[in-house]
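Here the structure is laid out as structure tokens; the discussion comes afterwards.
The structure presented is a predicted model; accordingly, all values stated were derived computationally and were not measured. Numbers restart at 1 for each chain; the letters A, B, ... are given by sequence-line order, proteins then strands.
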Amino acid sequence: MTDDGPGARPPQERGWPVGGAVARSFPREVLAAETLAAARALLGARLVRDALPGLAARRVGRIVEVEAYLGLDDRASHARMGPTDRNRVMFGPPGIAYVYLVYGMHCCLNVVTEASARPAALLVRAVEPVEGADAMREARAVAGGGRRSAATGGRVPRPIPNARLAAGPGLVAAAFGIDRTHTGLDLCDPASSLRLEARPPDEPAPEIAATPRIGISYAPEAWASVPWRFIVPRSPSLSRRS
DNA sequence: GCAAAGATTTGCT
DNA sequence: GCAAATCTTTGCC
């Protein structure tokens, strides 16, 4: 599907100059709408982290893979057991970051969607590096990665290709230096150091495909197979090769 | 209060 | 292709 999603044409062209170009914040109303529509609109949008002066350059990624988790009924969603200390922000307003720790070692970034009445969020599973690839590589080195050194036997690890720097939910967080302290951050606020920006006007809307979600085999079949994972099929940065 | 599993990634078999 | 690494949250006793 290549039709323009709801986010293709923001009702209001909010913009501000950044490095000669004009960056547009990602419209909150798109995230406030139905989650599956918001998921499609989020593909092609930018995840931006401002430079950390003296520490890291500005990092920008093109979102190419997201998963939707919606409602109390979704047996694969963290919201399935109602509000808890961990998932509480999912029950709040749209555009807010929800970051959780999974498998005791990886953080995953979610964007809260829909009104407070319904708990829903989009898991950002992969982005294509657009700017600051070196900073992403350094951040991943700091994060350490899943399995620690030990068996490397002193060998020099193979350098990570740019396209694979943030090709997975845990890797997105690692590459952008995102952790649970970012939970509650407003990703639609241009003043936030970590935020979403709309796809550049001169960039065509991405092709979109839908597949079942990944890593949720614990959920009942109906929920495990529903096609709520949305990808840009030709991207070299998907979490799984296609 | 304790045991089990998880929206993952990696390196070795 | 499989299992380890690692710790928080959930579920059951």
How many Å lie between [atom1] on [X] and [atom2] on [N], as a whole number?
{"X": "A:L101", "N": "B:dA7", "atom1": "CG", "atom2": "C1'", "answer": "12 Å"}
{"X": "A:L171", "N": "B:dT10", "atom1": "CG", "atom2": "P", "answer": "5 Å"}
{"X": "A:H106", "N": "B:dT9", "atom1": "NE2", "atom2": "P", "answer": "6 Å"}

* Asked: Should A:W228 and A:W223 count as side-chain neighbours, where that means a heavy-atom distance under 4.5 Å?
  ->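 Touching, per the 4.5 Å side-chain cut-off.
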
* **Heavy-atom side-chain contact between A:N110 and A:Y100 under 4.5 Å** =>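 A:N110 vs A:Y100: side chains touch.
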
Between [X] (side chain) and [Y] (backbone), is there a donor-acceptor pair under 3.5 Å?
{"X": "A:R140", "Y": "A:L165", "result": "yes"}
{"X": "A:R24", "Y": "A:R199", "result": "yes"}
{"X": "A:D74", "Y": "A:R80", "result": "no"}
{"X": "A:R213", "Y": "A:A68", "result": "yes"}
{"X": "A:R164", "Y": "A:L238", "result": "yes"}

* Asked: How does DNA chain B look in dot-bracket form if you count Watson-Crick and G-U pairs under 3.5 Å, write [ ] for pairs that cross, and put | where a base pairs with another strand?
  -> ||||||.|||||.

Give me the distances for all protein-to-nucleotides 9-12 of chain C N/O pairs that come in under 3.5 Å?
unit_1, atom_1, unit_2, atom_2, d
C:dT10, OP1, A:T84, OG1, 3.4

* To do: Could you check whether A:R213 gets within reach of a base, just the sugar-phosphate, or nothing at all, counting any heavy atom under 4.0 Å?
  =>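 Counting heavy atoms under 4.0 Å across all strands, no contact is made by A:R213.
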
* Would you mind classifying the nucleic acid contact of A:L123 as base, sugar-phosphate or nothing, using non-hydrogen atoms under 4.0 angstrom? =>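 Counting heavy atoms under 4.0 Å across all strands, the contact made by A:L123 includes a base.
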
* Do we count A:Y69 as stacking onto B:dA7 if the rule is ring centres under 5.5 Å and planes under 30°? ->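 Here the ring of A:Y69 and the base of B:dA7 are stacked, with centres under 5.5 Å and planes under 30°.
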
* Can a salt bridge be assigned to the pair A:R125 and A:E67 using a cut-off of 4.0 Å between side-chain N and carboxylate O? ->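 Yes, A:R125 and A:E67 are salt-bridged.
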
* To do: Please measure how far the C1' atom in C:dA3 lies from the corresponding atom in B:dA5, and state the result in whole Å.
  =>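 15 Å, rounded to whole Å.
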
* **Whole-angstrom distance between C:dG1 and B:dA7, as gauged at atom P** =>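 My reading of the P atoms in C:dG1 and B:dA7 gives 23 Å.
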
Nucleotide nearest [X] (side chain, heavy atoms from C-beta), chosen from [options]:
{"X": "A:Y218", "options": "B:dT10, B:dT8, B:dA7", "value": "B:dA7"}
{"X": "A:I216", "options": "B:dT9, B:dA7, C:dT8", "value": "B:dA7"}
{"X": "A:M105", "options": "C:dT6, B:dA7, B:dT10", "value": "C:dT6"}
{"X": "A:R140", "options": "B:dT9, B:dA7, B:dT10", "value": "B:dT10"}

* Taking the hydrophobic residues Ile, Leu, Val, Met, Phe, Trp and Tyr, and joining any pair whose side-chain heavy atoms are under 4.5 Å apart, which ones share a cluster with A:V48? ->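 Its cluster mates, by chain and number, are A:V60, A:V130.
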
* To do: Test for a donor-acceptor pair under 3.5 Å between the base of B:dA7 and the side chain of A:Y100, counting only N and O atoms.
  =>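 Such a pair exists between side chain and base.
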
